[in-house]
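Heads up: the structure comes next, in structure tokens.
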Amino acid sequence: MNRRYRKTIIAGNWKMNNTLSQMKAFADEIRPIMPKSKACTVVLCVPATNIQAAARMFKDCHIAIGAENCHYEDHGAFTGEVTTEMIKEAGAKYVIIGHSERRMYYNETDFAINKKVIAALKTELIPIVCVGESLEQRELGVTMEHIAYQVKCAFANVPADDARKVVIAYEPIWAIGTGRTATAEQAGEVCEGIRAVIRKIYGAHVARSVTIQYGGSMNARNAAELLMQPDVDGGLIGGASLKPADFVEIINAANQE
Ligand code: 13P
């Protein structure tokens, strides 16, 4: 973390979990235990059907709401999709773009992801762009090449003033939902590499203000060590964000200096 230059952001990604009533139970449980410190920004990315209620429910505990996906067009015949404007009007401030599950199960390409980043920025939503290598890529030694390509595609045609608003989440695919977390050194090394890619495109000023999160089996036990890395500015948390007490412990770790 380096709070002098950029925000620390802890974001939950609920994926396809929690109905409205389950979300209400979560809110009732987290409200009394939410830390008072505002050192880190807290976000919950929830299913589209929950966004509007979530924005109201979590307002008093200072948790901002995000969507988990969006379309890049601003209207049209795209059955089942939602626009950035719809998400924004429902009350979201963030949107996850290019999660590996969307790349894998819905064939999302880097080109579509770039268009989504541009659409989100145009709507003044903060994109959380996910990048990450597979186990095969790590074993072949092409992790950084692959991630540099994903980052370059995501930022294509994004002006510097907008680029500084983008959040990047480094999520090694082999660490997602497996309980197998990247070591703090592995996470730190890739996040540093991502910042170097941004520096090459936009210069040092923009690079140092971009928040880069780590995601992949981050939990109450390993969060503090991961966040000690200078280029790891927060976390994108799946499983552990479904349990109020665990999520709060991660927020507490991020609130430490
Ligand atoms: P887990 O924390 O469950 O590994 O999920 C990480 C993730 O995919 C967040 O987007």
Side-chain angles (χ1 to χ4, degrees), residues 8-18 22-23 26 30 40-48 50-51 54 63-70 87 92-106 108 113 116-117 120 125-135 137-138 143 146-147 150-151 154 166-184 186-187 190-191 194 211-227 229 232-254:
T8 303
I9 304 176
I10 296 296
N13 174 10
W14 277 3
K15 309 190 179 184
M16 200 169 71
N17 294 291
N18 283 340
Q22 287 165 335
M23 179 168 80
F26 179 100
I30 206 168
C40 81
T41 300
V42 183
V43 181
L44 274 177
C45 299
V46 302
N50 290 26
I51 294 172
I63 298 178
I65 301 306
E68 299 176 10
N69 179 37
C70 64
I87 291 166
K93 294 202 158 53
Y94 293 78
V95 56
I96 296 175
I97 293 175
H99 191 279
S100 61
E101 286 150 18
R102 297 220 47 97
R103 294 178 189 257
M104 208 175 344
Y105 305 134
Y106 304 97
E108 259 186 38
I113 289 161
K116 291 183 181 200
V117 170
L125 281 172
I126 299 171
I128 301 177
V129 182
C130 302
V131 298
E133 82 287 6
S134 64
L135 190 58
Q137 287 168 323
R138 177 157 284 269
T143 295
H146 173 70
I147 287 169
Q150 290 182 317
V151 170
V166 175
V167 175
I168 301 283
Y170 166 52
E171 300 206 308
I173 297 168
W174 47 271
I176 295 176
T178 57
R180 185 176 164 196
T181 319
T183 64
Q186 286 171 327
V190 175
C191 291
I194 291 171
T211 295
I212 304 175
Q213 302 172 312
Y214 167 79
S217 301
M218 195 168 184
N219 58 39
R221 285 181 308 285
N222 58 33
E225 198 191 348
L226 287 158
L227 293 166
Q229 294 290 319
V232 177
D233 308 310
L236 186 57
I237 296 117
S241 75
L242 297 170
K243 302 181 202 108
D246 288 8
F247 193 50
V248 162
E249 272 200 59
I250 298 172
I251 297 165
N252 280 329

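Order of listing sets the numbers, starting from 1, for every ligand and every atom in it.
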Quiz item: For atom 10 (O) of ligand 1, which candidate among R180, E171, Q213 provides the closest heavy atom?
Solution: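 Result: the heavy atom closest to atom 10 (O) of ligand 1 is in E171.
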
Quiz item: Nearest to atom 2 (O) of ligand 1, what protein heavy atom do you find, and at what distance?
Solution: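 Looking at atom 2 (O) of ligand 1, the protein heavy atom closest to it is G238 N, 2.9 Å.
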
Self-check item: C45 side, atom SG; I51 side, atom CD1 - distance, nearest 0.5 Å
Solution: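 Going from the SG atom of C45 to the CD1 atom of I51 covers 9.0 Å.
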
Quiz item: Does the N50 side chain pair with the main chain of N18, one donor and one acceptor, at a distance under 3.5 Å?
Solution: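 Yes, N50 side chain to N18 backbone: donor-acceptor pair under 3.5 Å.
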
Quiz item: For ligand 1, does A175 get within less than 4.0 Å through its side chain, its backbone, both, or neither, judged by non-hydrogen atoms?
Solution: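 It is the backbone that touches ligand 1; the side chain stays farther off.
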
So is [X] polar-close to ligand 1, meaning N/O to N/O under 3.5 Å?
| X | result |
| --- | --- |
| E101 | no |
| G177 | yes |
| T178 | no |
| I176 | no |

Exercise. Give the ring-plane orientation class for W14 versus F26, where under 30° counts as parallel, over 60° as perpendicular and anything between as tilted.
Key: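 The arrangement is perpendicular - the two ring planes meet at more than 60°.
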
Quiz item: Has G215 got any heavy atom lying under 4.0 angstrom from an atom of ligand 1?
Solution: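 Distance cut 4.0 Å: G215 fails for ligand 1.
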
Quiz item: Can you find a non-hydrogen atom of G216 under 4.0 Å from ligand 1?
Solution: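 In this structure, G216 qualifies as a contact of ligand 1 - some heavy atom is under 4.0 Å.
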
Practice problem: Enumerate the atoms of ligand 1 whose separation from the nearest heavy atom of G239 is less than 4.0 angstrom. | Solution: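 Near G239, the atoms of ligand 1 are 1 (P), 2 (O), 3 (O).
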
Quiz item: Which pair of non-hydrogen atoms, one from L226 and one from V232, has the smallest distance, and what is that distance?
Solution: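 Looks like O-CB, 3.4 Å.
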
Exercise. Tell me yes or no: between the side chains of H146 and Q137, is some donor less than 3.5 Å from an acceptor?
Key: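 Judged by distance alone, the side chains do pair up.
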
Practice problem: Assess whether atom NZ of K93 is packed by more than 12 heavy atoms of other residues, nucleotides or ligands within 6.0 Å. | Solution: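 Open: at most 12 neighbouring heavy atoms sit under 6.0 Å from NZ of K93.
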
Practice problem: For E108, look at atom CD and say whether over 12 heavy atoms of other residues, nucleotides or ligands are found less than 6.0 Å away. | Solution: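 Correct, the count exceeds 12.
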
